[in-house]
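Start at 1 and go down the list; that is how both ligands and their atoms are numbered. Values in this document were obtained by computation on a predicted structure and should not be read as measured data.
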Amino acid sequence: MADFETVTVETDLLICGGGMAACGAAVEGSYWAKKHGLKVTVVDKAAIDRSGAVAMGLSAINQYVDLNSGNNTLRDYLDYVRNDLMGITREDLVASIARHVDSTVHLFEKWGLPIWTDADGKYVHEGRWQLMINGESYKVIVAEAAKNALAEADGELIERVFITHPLIDDGKCVGAIGFSIRENKVYVFKAKATIVAMGGAVHVFKPRSTGEGFGRSWYPPFNSGASAFFTIYGGAEMTCQEVRFIPVRFKDAYGPVGAWFLLFKAIATNAQGGNYMQENVGELDKWEPYGKVKPRPANIRNWLMMLDVMDGKSPIYMQTADAIKAIADKAPDEKAAKKKLRELESEAWEDFLDMTISQAILWAATNVEPDKKPSEIMACDPYFIGSHSGASGAWVSGPEDLQNDETRDEYFWGYPHMTTIPGMFAAGDASGASSHKFSSGSHAEGRVAAKAAISYIVDHPAAPNGSQAQIDALTEEILRPLGTFEQHKGATTDPDINPNYIRPTQFMYRLQKIMDEYAGGVSSQFKTSDKLLEKGMELLGYLKEDAEQLGAENLHELMRCWENVHRMYQADAHMRSILFREETRWPGYYFRSDKPSIDNENWLAFCNCTYDKDTGEWTMIKRPVKYIVAEIPEHEGEVGG
Ligand code: SFD
Ligand code: AMP
């Protein structure tokens with residue numbers, strides 16, 4: 001095996017990831033770091049101009065609370081999120097983000113993001129909380145602002161370095177370790193505070209798109225659970241690991257549906273033309289009180305559709321043509337109607353060209369003209385994305401001013417958005433129980449976390465000392481797959497078939513098969529049970545043993561190895577949490593056939609867990625759900641506000 005050089009980076013604030021949350025943290029963190037003469041370092045596995053979930057762009061900003069208009073209050077947004085997650089949410093965290101998100105959106109516009117405006121110059125809303133944008137270059141614009149802020153504060157950006165593990169010293173987070181995916185270098189980051197912002201996890205479950213379409217997914221396959229593993233392995237308390245997100249998407253190329261349901265006011269029907277949201281309304285009685293709220297929670301919308309699918313009433317269609325016609329028919333005359341039709345057709349295509357290009361390609365490949373015929377939609381494979389309508393992530397402290405006597409002891413421990421490990425903060429998909437933050441809210445959460453991390457550093461100025469023994473042990477473990485492959489590659493004529501090692505793709509297929517069949521994946525119609533989960537966890541145990549035998553031919557494969565180890569820990573936390581929560585609370589996300597109903601009496605609670613890396617033991621913890629009752633102090637501030 002080639003020799004590896006070790007590069008040690010000493011910094012004050014380390015930001016792991018270069019996506020939406022990290023870019024927010026870089027901008028805000030650099031502002032406060034400059035004031036205190038501190039250094040900020042951002043590290044990403046890719047190039048941040050086009051990295052993470054927003055790499056391809058987006059066609060909407062899904063969190064804009066519009067507080068200044070007087071149309072909405074923070075309380076309105078909290079009620080929306082609490083109901084959409086069937087009661088399980090940290091209102092203090094949702095409020096902490098929601099009171100800053102509008103200012104973040106205004107910054108995006110100042111930095112050059114085209115937000116649609118109407119004839120009066122007002123933002124065009126996709127829905128009550130969502131704005132339409134021309135977002136193909138969204139990430140490039142946000143990354144540029146982050147880079148400028150870093151440069152202005154003498155910070156640094158390190159790209160193409162894959163973070164694998166946290167460095168922990170005496171129960172505190174003192175940095176991170178990883179390796180370059182371009183050169184034979186191990187990177188050791190020593191930091192006084194670290195923000196985890198490496199996104200969520202995809203491909204833990206077998207995707208619907210297999211074979212030639214394997215790479216297709218809605219959430220990006222290159223977000224592979226690094227945040228979850230970093231916090232789990234560091235010993236941080238995790239929350240809502242059972243709350244996966246299953247988005248309904250245009251079939252086989254994963255185009256989002258929000259613009260169609262909200263902006264185009266389209267309806268979806270079963271193959272017989274039946275509107276399942278109306279025809280299955282009786283089912284809602286079973287999921288009180290959340291089944292009856294409006295808008296129906298995202299999982300309930302899924303569930304009513306799945307009932308028709310299980311009844312053999314597929315395909316399910318998004319009635320795009322009817323929706324476009326209904327809007328065009330409102331035009332004053334035929335000429336205006338024709339013009340409106342062309343406008344709508346281009347908006348329909350742009351919706352995907354700005355965000356999920358493969359959907360536009362598949363539409364073209366299957367002669368779809370959205371103004372002429374409907375398109376199939378379906379429920380996707382499960383994702384772990386705490387920033388959308390899922391909730392999985394690390395358990396973090398709320399801001400002090402949003403606590404009350406009920407919540408303070410449970411939800412506040414010193415620094416907003418800090419995990420239970422001192423010096424380790426989390427934002428975006430990395431932090432849990434604060435759903436519906438999306439791209440803008442993740443950026444805002446990164447800002448809040450960075451400001452808090454700088455205060456933590458000012459209060460704890462001592463230089464971090466990651467133990468050399470820990471660094472050496474982790475370096476050996478990180479590089480081991482390269483040695484394993486090198487040592488055994490000659491044992492067979494086909495490098496893929498070798499009794500001495502398992503290659504990362506084979507490892508991932510095995511993980512996905514276990515999750516798909518035992519933890520309620522696509523092929524088991526999202527259903528599982530205690531017996532299935534227990535068997536799945538037994539098989540996951542063997543996979544964990546086999547992880548010792550991972551083999552990597554080069555740096556790219558080494559990254560694939562660690563992506564899959566990260567996915568495996570996300571899978572483990574997921575199965576344990578579904579088993580721990582003895583009810584079905586999110587039909588449409590997963591259904592426990594041994595516990596088929598919601599139990600608000602016993603399970604209106606958070607399902608948390610911790611992992612001890614030294615013993616390999618998991619501990620499950622039940623935490624109370626407490627809501628904010630008092631009037632919520634609003635706070636609108638520019639960077640540094
Ligand atoms: O409608 C490592 N999202 C949407 N949000 C919106 O506001 N509007 C939309 O229209 C949205 N739509 C949408 C969305 C996402 C996707 C994929 C599609 C459509 C197709 C959601 C947002 O994108 C999402 O909420 C935020 O991006 C989450 O932000 P954050 O920061 O938690 O994750 P990230 O941006 O993916 O960044 C993660 C970064 O980490 C890096 N990384 N770096 C080093 N080492 C490792 N081991 C790492 N692992 C990962 C990544 O490279 C990345 O830079 S709609 O469909 O929902
Ligand atoms: P999606 O395209 O599914 O990611 O949704 C984008 C945004 O629209 C998210 O905020 C969703 O919660 C919201 N949304 C999508 N479909 C509906 C619907 N049928 N009713 C209300 N909100 C929706």
By chain and number, the residues contacting ligand 2 below 4.0 angstrom (heavy atoms only) are N62, Y80, Q130, R249, P256, V257, G258, F261, L262, P295, R301, H388, H436, F438
Are the side chains of R567 and L511 in contact, using a 4.5 Å heavy-atom criterion? yes
So, is the end of the R90 side chain (NZ or CZ) under 6.0 Å from the ring centre of W395 and within 45° of the ring's axis? yes
Going by an N to O cut-off under 4.0 Å, is there a salt bridge joining R560 and E557? no
In order of chain and number, which residues sit within 4.0 Å of ligand 1 by heavy atom? G17, G18, G19, M20, A21, D44, K45, S51, G52, A53, V54, L58, A60, I61, N62, V161, F162, I163, A197, M198, G199, W218, Y219, P220, N223, A226, R249, P256, M355, T356, S387, H388, G428, D429, F438, S439, S442
Those residues that, when tested against Y123, pass side chain to side chain donor-acceptor pair (under 3.5 Å) (two or more places apart): E109
Listed by chain and number, what are the side chain to side chain donor-acceptor pair (under 3.5 Å) partners of E159, not counting sequence neighbours? none
For [Y] together with [X], are the ring centres under 6.0 Å from each other?
X: H566; Y: Y233; value: no
X: F230; Y: H165; value: no
X: F245; Y: Y219; value: no

What I want to check is whether the side chains of T41 and E156 have a donor and an acceptor closer together than 3.5 Å. yes
